[in-house]
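Note that the coordinates shown come from a computational prediction; the quantities given were computed from them, not determined experimentally.
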Amino acid sequence: MRIAHVITRMIIGGAQENTLLNCLDLIDDFGDEVLLICGPSTGPEGNLLEQQGVVSAARASGDVRDESSHSDAGAGQWATQIVADRLPVRCIDSLRRNIHPWHDASAALELRRVISRFAPDVVHTHSAKGGLLGRMTAWQCDVPAVVHSVHGAPFHDYQSALARAFFIRCERWAARRCHHMICVADAMTDLMVDAGVAPRTQFTTVFSGMDVQPFVDANLQRDGIRSQFGFRASDIVIGKIARLFHLKGHDDLVSAASQVVAANPNVRFLLVGDGLLRDSLQQRIDSEGLTNHFVFAGLVDPSRVPALIGGMDVLVHASYREGLARALPQALLAGKPVVSYDVDGAREVAIDGVTGRLVPAGDINGLANAMTMLASDADRRQQYGRAGQSRFLEQFRHQTMTRYIRQIYQETLDRA
């Protein structure tokens with residue numbers, strides 16, 4: 001197949017890692033011709049392609065030729081980068097995350113030109129802006145199979161009523177311009193169906209895949225990581241992996257931390273990620289007298305995440321909205337119990353009393369009690385961690401994800 005993936009930014013994030021692995025699997029396991037189309041990866045989250053070190057230098061000044069393009073597919077595709085020497089990437093500068101009429105119109109025109117020249121069998125879109133413009137242009141180009149992945153809905157309860165209604169209308173409009181949609185959790189399907197975006201028959205759940213082995217082996221690096229950050233053998237390390245951004249729940253974690261530390265002074269918190277809230281969080285931690293209990297790891301290369309989880313004893317995820325946070329299955333694959341707010345797809349992996357504890361969103365006391373309980377009970381931590389690892393090892397392999405997704409492509413093409 002010839003497959004074009006469209007996503008707004010290739011920053012360091014779950015949807016982006018999912019997309020990159022999917023692209024590379026399609027090439028390696030199925031021999032497909034794949035083009036990744038994205039906007040500039042701006043922002044404090046970092047550039048995934050650069051961080052992973054998989055982007056090679058251009059083979060010529062300016063653009064480089066996509067040598068995999070068939071001569072009978074048109075004029076041939078030009079790409080600005082080649083990922084891992086096999087995945088062409090086309091960066092469209094006007095494809096930006098924020099709404100901007102001039103940029104959006106320019107991005108739509110460029111998307112249509114790129115898609116027309118590549119002549120794909122499948123266009124697979126991701127993210128709100130990439131999904132809207134990508135589906136619209138692919139539909140206009142009569143692409144046989146247009147598929148969209150819902151990693152997280154663009155509408156939520158923490159928006160104004162006007163903004164929420166606007167984004168729902170946009171999603172309904174875009175849903176009529178694609179053949180099928182993939183959700184990373186059943187909860188995402190429920191959310192989209194309940195909002196009237198599309199009928200349930202238009203959705204399939206495929207869990208977001210990853211390279212599972214580094215997480216299974218994470219504990220091999222436990223001592224080194226704990227030594228690096230100054231953790232003692234007696235410390236109970238509770239980690240959080242998320243951008244330091246609004247609605248990610250860092251303020252709630254700091255609020256709950258005071259109760260946890262009062263009950264167990266050996267608890268330390270490791271925050272992995274960076275963002276615009278870094279300074280305000282540090283000030284709050286200092287004002288609460290928790291400076292010695294928090295460590296900021298900052299923005300890290302994704303390849304270091306398994307080792308960091310290996311240094312933890314518990315992972316907490318207090319986000320108020322998320323399709324299905326990759327940090328939850330990653331921790332479980334490493335045999336670590338999880339504490340999570342009960343939002344979106346979290347309950348599909350954070351199974352209360354089985355793989356961790358599930359807490360109502362915003363329940364600071366509940367969050368504190370769950371962390372305190374696990375910090376004081378090593379046997380239960382091991383029990384929950386083992387249960388999670390055995391349940392989700394095969395389910396979250398990226399090869400499993402790609403196999404299911406490619407089956408959706410084939411079924412959609414067969415219907416076409």
Novice: Has the side chain of Ser390 got a donor or acceptor atom that lies under 3.5 Å from a matching backbone atom of Arg386?
Specialist: yes

Novice: Taking Gln159 for its side chain and His156 for its backbone only, find out whether a donor-acceptor pair lies under 3.5 Å.
Specialist: yes

Novice: Test: salt bridge (charged side-chain N to carboxylate O under 4.0 Å, His left out). Region: residues 338-356. Which pairs qualify, not counting sequence neighbours?
Specialist: Asp342-Arg347, Asp352-Arg357

Novice: Provide the closest heavy-atom pair for Pro199 versus Val193 in the form atom of the first, atom of the second, distance.
Specialist: C-CG2, 4.3 Å

Novice: With a 4.5 Å heavy-atom cut-off, do Thr355 and Pro337 have their side chains touching?
Specialist: no

Novice: Given the rule in the side-chain contact (heavy atoms from CB on, under 4.5 Å) test, do Asp32 and Arg2 qualify, once you have shown the distances and angles that lead to the verdict?
Specialist: CA-CA 6 Å; Asp32 294 329; Arg2 291 173 65 82; over 6 Å; no

Novice: Does a side-chain heavy-atom distance below 4.5 Å link Met10 with Cys91?
Specialist: no

Novice: Does a sphere of radius 6.0 Å around CZ in Arg172 hold more than 12 heavy atoms from other residues, nucleotides or ligands, not counting ones at 6.0 Å or beyond?
Specialist: yes

Novice: Looking at every heavy atom in both Ala350 and Ser340, which two are closest together, and how far apart are they?
Specialist: CB-CB, 4.1 Å

Novice: With a 4.0 Å cut-off on N to O distance, would you call Lys248 and Asp251 a salt bridge?
Specialist: no

Novice: Can you label the angle between the Trp139 ring and the His179 ring as parallel, tilted or perpendicular, going by 30° and 60°?
Specialist: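 Taking His179 first and then Trp139, their aromatic rings sit tilted (interplane angle of 30° to 60°).
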
Novice: Could you please spell out the steps behind the side-chain contact (heavy atoms from CB on, under 4.5 Å) verdict for Leu36 and Arg90?
Specialist: CA-CA 6 Å; Leu36 176 59; Arg90 177 59 190 252; over 6 Å; no

Novice: Heavy-atom distance under 4.5 Å between the side chains of His398 and Asn22, does that happen here?
Specialist: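 Not in contact.
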
Novice: If every non-hydrogen atom of Asn98 is compared with every non-hydrogen atom of Asp104, which pair is closest and at what distance?
Specialist: O-OD1, 4.1 Å

Novice: Report yes if the side chains of Ile309 and Pro306 come closer than 4.5 Å at any heavy-atom pair, otherwise no.
Specialist: no

Novice: Which salt bridge (charged side-chain N to carboxylate O under 4.0 Å, His left out) pairs, counting each pair once, include a residue from residues 368-380, with sequence neighbours left out?
Specialist: Asp377-Arg380

Novice: Begin with the C-alpha distance, continue with both residues' side-chain angles, and end with the deciding distance and a verdict on salt bridge (Lys or Arg N to Asp or Glu O under 4.0 Å) for Asp313 and Arg226.
Specialist: CA-CA 11 Å; Asp313 297 289; Arg226 292 174 73 92; 3.2 Å; yes

Novice: Can you list the steps and then say if Asp211 with Arg397 is a salt bridge (Lys or Arg N to Asp or Glu O under 4.0 Å)?
Specialist: CA-CA 6 Å; Asp211 184 3; Arg397 289 188 189 276; over 6 Å; no

Novice: Do other residues, nucleotides or ligands put more than 12 heavy atoms under 6.0 Å from Tyr404 OH?
Specialist: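 Not buried by this count: 12 neighbours or fewer within 6.0 Å.
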
Novice: State, with a plain yes or no, whether a side-chain heavy atom of Met1 is found less than 4.5 Å away from one of Gln410.
Specialist: yes

Novice: Within a strict 4.5 Å, meaning less than it, do heavy atoms of the His124 and Tyr409 side chains meet?
Specialist: yes

Novice: Do you know the tightest heavy-atom contact between Ile351 and Phe392?
Specialist: CD1-CZ, 4.3 Å

Novice: Are any side-chain N or O atoms of Asn219 and backbone N or O atoms of Arg222, one a donor and one an acceptor, separated by less than 3.5 Å?
Specialist: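 Not confirmed, Asn219 side chain does not pair with Arg222 backbone.
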
Novice: Mind running side-chain contact (heavy atoms from CB on, under 4.5 Å) on Thr19 and Gln16 for me, showing each step along the way?
Specialist: CA-CA 5 Å; Thr19 302; Gln16 291 76 19; 5.7 Å; no

Novice: How long is the span from the CE atom in Met192 to the CD1 atom in Ile168, to the nearest 0.5 Å?
Specialist: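 Interatomic distance, Met192 CE to Ile168 CD1, rounded to 0.5 Å: 9.5 Å.
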
Novice: Is the positively charged end of Arg243 above the ring of Phe245, judged by distance under 6.0 angstrom from the centroid and angle within 45° of the axis?
Specialist: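 Yes, a cation-pi geometry holds between Arg243 and Phe245.
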
Novice: Taking all heavy atoms of Met371 and all of Ala256, pick out the closest pair and write down the distance.
Specialist: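 Here Met371 and Ala256 meet closest at CE-CB, 3.7 Å.
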
Novice: Give a yes or no answer on whether the side chain of Arg381 reaches the backbone of Ala375 with a donor-acceptor pair at less than 3.5 Å.
Specialist: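 Yes, the answer is positive, given that a donor and an acceptor are paired below the 3.5 Å cut-off.
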
Novice: Do the side chains of Glu33 and Ile3 get nearer than 4.5 Å, heavy atoms only?
Specialist: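 Ile3 does not reach Glu33 side chain to side chain.
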
Novice: Using only atom types and a distance under 3.5 Å, with no angle test, would you say the side chain of Thr402 pairs donor to acceptor with the backbone of Gln399?
Specialist: no

Novice: With the side chain counted from C-beta on, respond yes when Val305 and Val300 share a heavy-atom pair under 4.5 Å apart, and no when they do not.
Specialist: yes

Novice: Could you check whether Arg321 makes a cation-pi contact with Tyr158, meaning its NZ or CZ is under 6.0 Å from the centre of the six-membered ring and within 45° of the ring axis?
Specialist: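 Not satisfied by the 6.0 Å and 45° rule.
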
Novice: Would you call Asp29 and Arg406 a salt bridge, using N to O less than 4.0 angstrom?
Specialist: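 Salt bridge absent between Asp29 and Arg406.
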
Novice: For Arg96, does its backbone N or O pair with a side-chain atom of Lys129 as donor and acceptor, under 3.5 Å?
Specialist: yes

Novice: Could you tell me whether Glu171 and Arg135 make a salt bridge, using a distance below 4.0 angstrom between a side-chain N and a carboxylate O?
Specialist: yes

Novice: Roughly how far, to the nearest 0.5 Å, is the CD atom of Gln395 from the OG1 atom of Thr400?
Specialist: 9.0 Å

Novice: Can Arg232 and Asp235 be said to form a salt bridge (Lys or Arg N to Asp or Glu O under 4.0 Å), step by step?
Specialist: CA-CA 5 Å; Arg232 301 165 301 182; Asp235 285 338; 2.7 Å; yes

Novice: When you measure from the side chain of Ser116 to the backbone N and O of Arg113, does any donor-acceptor pair fall under 3.5 Å?
Specialist: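 No; zero donor-acceptor contacts below 3.5 Å.
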
Novice: Keeping Ser227 on the side-chain end and Gly224 on the backbone end, is there a donor-acceptor pair under 3.5 Å?
Specialist: no

Novice: Would you tell me whether His180 and Thr412 have side-chain atoms, one donor and one acceptor, within less than 3.5 Å of each other?
Specialist: no

Novice: Could you walk me through whether Val216 and Leu393 pass side-chain contact (heavy atoms from CB on, under 4.5 Å), step by step?
Specialist: CA-CA 8 Å; Val216 174; Leu393 182 59; 3.6 Å; yes

Novice: Can you name the side chain to side chain donor-acceptor pair (under 3.5 Å) partners of Tyr341, sequence neighbours left out?
Specialist: Asp252

Novice: Within 45 degrees of the ring normal and closer than 6.0 Å to the centroid, is that where the cationic atom of Arg278 sits relative to Phe296?
Specialist: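 Satisfied, under 6.0 Å and within 45°.
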
Novice: For Val197 and Ala175, work out which heavy atoms get closest and say how close.
Specialist: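 Taking Val197 first and Ala175 second, the nearest heavy atoms are O-CB, 3.5 Å.
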
Novice: Indicate whether any N or O donor in one side chain lies under 3.5 Å from an N or O acceptor in the other, for Thr8 and Arg97.
Specialist: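 No donor-acceptor contact under 3.5 Å links the two side chains.
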
Novice: Both conditions, 6.0 Å and 45 degrees, for the charged tip of Arg169 above the ring of Trp173: are they met here?
Specialist: no

